[in-house]
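What follows is a set of notes on a single structure, which appears directly below.
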Amino acid sequence: MNTFGTRLKFTSFGESHGKALGCVIDGIPAGIKFDENFLQNELELRKPGKNKFLSPRKENDEVEILSGVFQGYTTGTPISAVVFNKDARSKDYEELKDVFRLSHADFTYFYKYGIHDYRGGGRSSARESINKVIAGAIAAMLLKEFDIEVFSGICSIGTKNIDFKNIDFEFCKTSEIFCLDPNYEEEFKKELLNVKKAKDSIGASVYTCVKNVPIGLGEVLYDKLDSKLAHALMGINGVKAVEIGSGVKASHMRGSSYNDILKDKKFLSNNSGGILGGISNGSLIEIKTHFKPTPSIFIPQESMDKKGNNVRYILKGRHDPCIAIRGSVVVNAMVRFILADLLLLNASSRLDYLKKIYTF
Ligand SMILES: Cc1cc2nc3c(=O)[nH]c(=O)nc-3n(C[C@H](O)[C@H](O)[C@H](O)COP(=O)(O)O)c2cc1C
């Protein structure tokens with residue numbers, strides 16, 4: 001489906017080479033200062049064509065707000081936003097319109113729907129993630145009222161990992177590849193250039209940290225905070241795994257070393273990644289999101305066409321050598337969206353909260 005969220009929802013529309021992409025965000029309370037510069041800046045972070053480590057497609061990605069904002073504040077009515085496509089080159093895809101691009105969604109979309117928009121992958125293109133970034137930026141305007149901050153950046157490329165000792169979110173914001181550690185940026189860049197030179201692509205991982213989350217976000221049993229995060233993040237194109245706290249490592253540990261000790265009213269470690277029983281426990285929320293390599297590479301490969309013939313193809317088009325780089329902006333947006341949704345839901349979790357709202 002194209003609608004996401006529970007109390008806060010967004011519905012997205014648009015294709016990679018269609019006229020425009022956009023979304024309608026429903027459930028944002030009235031009275032929030034609407035920061036259009038911040039929203040545009042988030043889209044700038046996701047935008048292609050900015051440097052040699054990203055897809056060269058040149059898009060302005062200028063957002064237009066059509067409703068839900070009056071005199072600089074949200075009105076409590078649906079906020080709708082649109083971004084027009086400017087630099088789609090559909091002819092790059094015409095020659096191979098009957099060939100299934102390996103690892104992309106061409107094969108499954110064709111067999112599911114019987115019709116396939118081959119122009120840049122149509123709806124399956126990550127150009128759609130513009131809508132996720134818009135929804136996440138608007139969610140962040142609500143989170144800002146509660147000082148909840150979300151940061152994401154690249155923690156590994158291929159087999160090269162940062163050591164997590166020198167994470168610098170301010171540096172990350174200015175890094176061309178959103179690298180979290182200044183000591184690793186050059187090495188990561190070199191790896192990316194090597195991959196590009198080889199006409200190949202590479203997988204990478206994103207670390208996310210959320211600060212100032214109150215205790216209590218997450219709805220048991222089926223809308224746990226960790227399951228909501230995994231749902232949102234696995235929904236991003238190319239994401240193949242999500243870890244919370246120690247994640248996969250937890251399955252190698254003993255309870256005596258995994259358990260986060262409670263002392264002097266705080267947790268001394270954070271193997272749980274800030275979530276217990278599906279509910280935020282007041283510690284940092286820590287997530288790792290793992291992206292596969294970009295499907296579109298410029299090395300000849302074997303595939304199949306729509307008639308079932310074996311074919312050997314060489315791609316044209318403009319592609320990211322590593323989708324996690326721009327993907328990290330989308331991860332940040334979706335984490336923001338989930339937290340805003342759960343913050344709103346939590347307002348009705350207790351009678352004393354409700355009484356505070358309805359005391360006249
Ligand atoms: C920000 C971002 C940019 C992407 N750019 C490309 C790209 O340039 N070329 C490509 O083949 N796939 C790209 N992808 C990945 C595909 O959209 C994705 O692999 C495809 O839709 C198949 O979905 P799946 O990988 O989730 O199975 C990108 C993904 C993200 C999140």
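What you see is a predicted model; the values in this text were computed from it and never measured.
- In this structure, Leu344 and Gly27 approach most closely via the heavy-atom pair CD1-O, 3.5 Å.
- Ionic pairing of Lys86 and Glu59 is not present here: no N-O contact between side-chain nitrogen and carboxylate oxygen is shorter than 4.0 angstrom.
- Listed for the Thr3 side chain is no donor-acceptor partner under 3.5 Å among the backbone atoms of Thr11.
- Surrounding CG of Asp163 are more than 12 heavy atoms belonging to other residues, nucleotides or ligands, all under 6.0 Å away.
- Note on ring orientation: taking the six-membered ring where Trp is involved, the planes of Phe100 and Phe110 are tilted (angle from 30° to 60°).
- In this structure, Ser303 contributes its side chain and Val311 its backbone to no donor-acceptor pair below 3.5 Å.
- Of all heavy-atom pairs between Asn161 and Tyr184, the closest is O-CE2, 3.2 Å.
- Looking at heavy atoms from C-beta onward, Leu192 lies in side-chain contact with Ile325 at the 4.5 angstrom threshold.
- Not one N or O on the side chain of Asp61 forms a donor-acceptor pair closer than 3.5 Å with the backbone of Glu44.
- One finds the CG atom of Asn270 at 8.0 Å from the OG atom of Ser246 (value rounded to the nearest 0.5 Å).
- Nearest heavy-atom pair, Ala81 versus Ile65, reported as atom, atom and distance to 0.1 Å: CB-CD1, 3.8 Å.
- Ion pair Lys132/Glu128 flagged as a salt bridge, since at least one NZ, NE, NH1 or NH2 atom sits closer than 4.0 Å to an Asp/Glu carboxylate oxygen.
- Atoms CG and CG, from Asp168 and Leu180 in turn, are 9.0 Å apart once rounded to the nearest 0.5 Å.
- Looking at Arg123, its side chain does come within 3.5 Å of a backbone N or O of Gly14 through a donor-acceptor pair.
- Taking 4.0 Å as the cut-off between side-chain N and carboxylate O, Arg326 and Asp320 count as a salt-bridged pair.
- With respect to the salt-bridge test (charged N to carboxylate O, under 4.0 angstrom), the residues Lys316 and Glu95 qualify.
- Between Val206 and Ser152, the shortest heavy-atom distance links the atoms CG1-CB, 3.9 Å.
- Crowding of Leu354 atom CG: a count of heavy atoms from other residues, nucleotides or ligands under 6.0 Å exceeding 12.
- Relative orientation of the Phe164 and Tyr207 rings is perpendicular, given thresholds of 30° and 60° on the angle between their planes.
- The pair Lys144-Glu149 fails the salt-bridge criterion, with no side-chain N (NZ, NE, NH1 or NH2) lying under 4.0 Å from an Asp/Glu carboxylate O.
- Between the side chain of Asn259 and the main chain of Ile261, no donor-acceptor pair closer than 3.5 Å is present.
- To the nearest 0.5 angstrom, Phe13 atom CZ is 7.5 Å from Cys23 atom SG.
- The two atoms that bring Ser124 and Asn237 nearest to each other are O-ND2, 2.8 Å, heavy atoms only.
- Side chain of Asp341 to backbone of Thr6: a donor-acceptor contact under 3.5 angstrom is found.
- With hydrogens and angles ignored, the 3.5 Å screen pairs no side-chain donor or acceptor of Ser12 with any backbone N or O of Asn2.
- A 6.0 Å sphere centred on CD1 of Ile115 holds no more than 12 heavy atoms belonging to other residues, nucleotides or ligands.
- The distance from atom CG of Asp223 to atom CG of Leu345, rounded to the nearest 0.5 Å, is 7.5 Å.
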For this session: Please step through side-chain hydrogen bond (donor to acceptor under 3.5 Å, both in side chains) for the pair Ser16 and Arg57, ending with a clear verdict.
Result: CA-CA 11 Å; Ser16 180; Arg57 181 168 170 171; 3.2 Å; yes

Exercise. Going through the distances and angles, do Leu102 and Phe107 end up as a side chain to side chain contact (heavy atoms under 4.5 Å, CB included)?
Worked result: CA-CA 8 Å; Leu102 296 178; Phe107 182 89; over 6 Å; no

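- Taking the charged nitrogens against the carboxylate oxygens, Lys224 and Asp226 have no contact shorter than 4.0 Å, which rules out a salt bridge.
- Under the 3.5 Å distance criterion, the side-chain polar atoms of Ser201 are matched with a main-chain donor or acceptor of Thr294.
- Rounding to the nearest 0.5 Å gives a distance of 5.5 Å between CG of Leu43 and CG of Leu39.
- Judged purely by atom type and a 3.5 angstrom limit, Asn212 uses its side chain to pair as donor or acceptor with the backbone of Asp147.
- At a threshold of 4.0 Å, the pair Arg350-Asp352 counts as salt-bridged, since one of the basic side-chain nitrogens sits closer than that to a carboxylate oxygen.
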Problem set entry | Worked check of side chain to side chain contact (heavy atoms under 4.5 Å, CB included) between Lys9 and Ile25 | CA-CA 6 Å; Lys9 289 181 192 287; Ile25 299 137; over 6 Å; no

For this session: Give the C-alpha distance, both sets of side-chain angles, the deciding distance and a yes or no for side chain to side chain contact (heavy atoms under 4.5 Å, CB included) between Phe10 and Asp26.
Result: CA-CA 6 Å; Phe10 76 98; Asp26 200 5; over 6 Å; no

For this session: Report the C-alpha separation of Lys240 and Phe291 in whole Å, then their side-chain angles, then the decisive distance to 0.1 Å, and conclude whether the side chain to side chain contact (heavy atoms under 4.5 Å, CB included) test is met.
Result: CA-CA 6 Å; Lys240 288 291 138 191; Phe291 284 84; over 6 Å; no

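- Within a 6.0 Å radius of CZ in Phe38, other residues, nucleotides and ligands contribute more than 12 heavy atoms.
- Contact check for Phe84 versus Leu21: no side-chain heavy atoms found under the 4.5 Å cut-off.
- Between Lys189 and Glu185 a salt bridge is recorded (basic side-chain N to carboxylate O distance below 4.0 Å).
- Taking OG from Ser55 and NE2 from His319, the interatomic distance works out to 7.5 Å, rounded to the nearest 0.5 Å.
- The aromatic ring centroids of His104 and Tyr109 lie 6.0 Å or more from each other.
- For Leu45 against Phe178, the heavy-atom pair with the smallest separation is O-CZ, 3.5 Å.
- Heavy atoms of other residues, nucleotides or ligands lying less than 6.0 angstrom from CZ of Phe70 number 12 at most.
- Side-chain atoms of Asp305 never come within 3.5 Å of backbone atoms of Val99 as a donor-acceptor pair (strictly under, hydrogens ignored).
- In this structure, Arg254 places its CZ atom where only 12 or fewer heavy-atom neighbours from other residues, nucleotides or ligands lie under 6.0 Å away.
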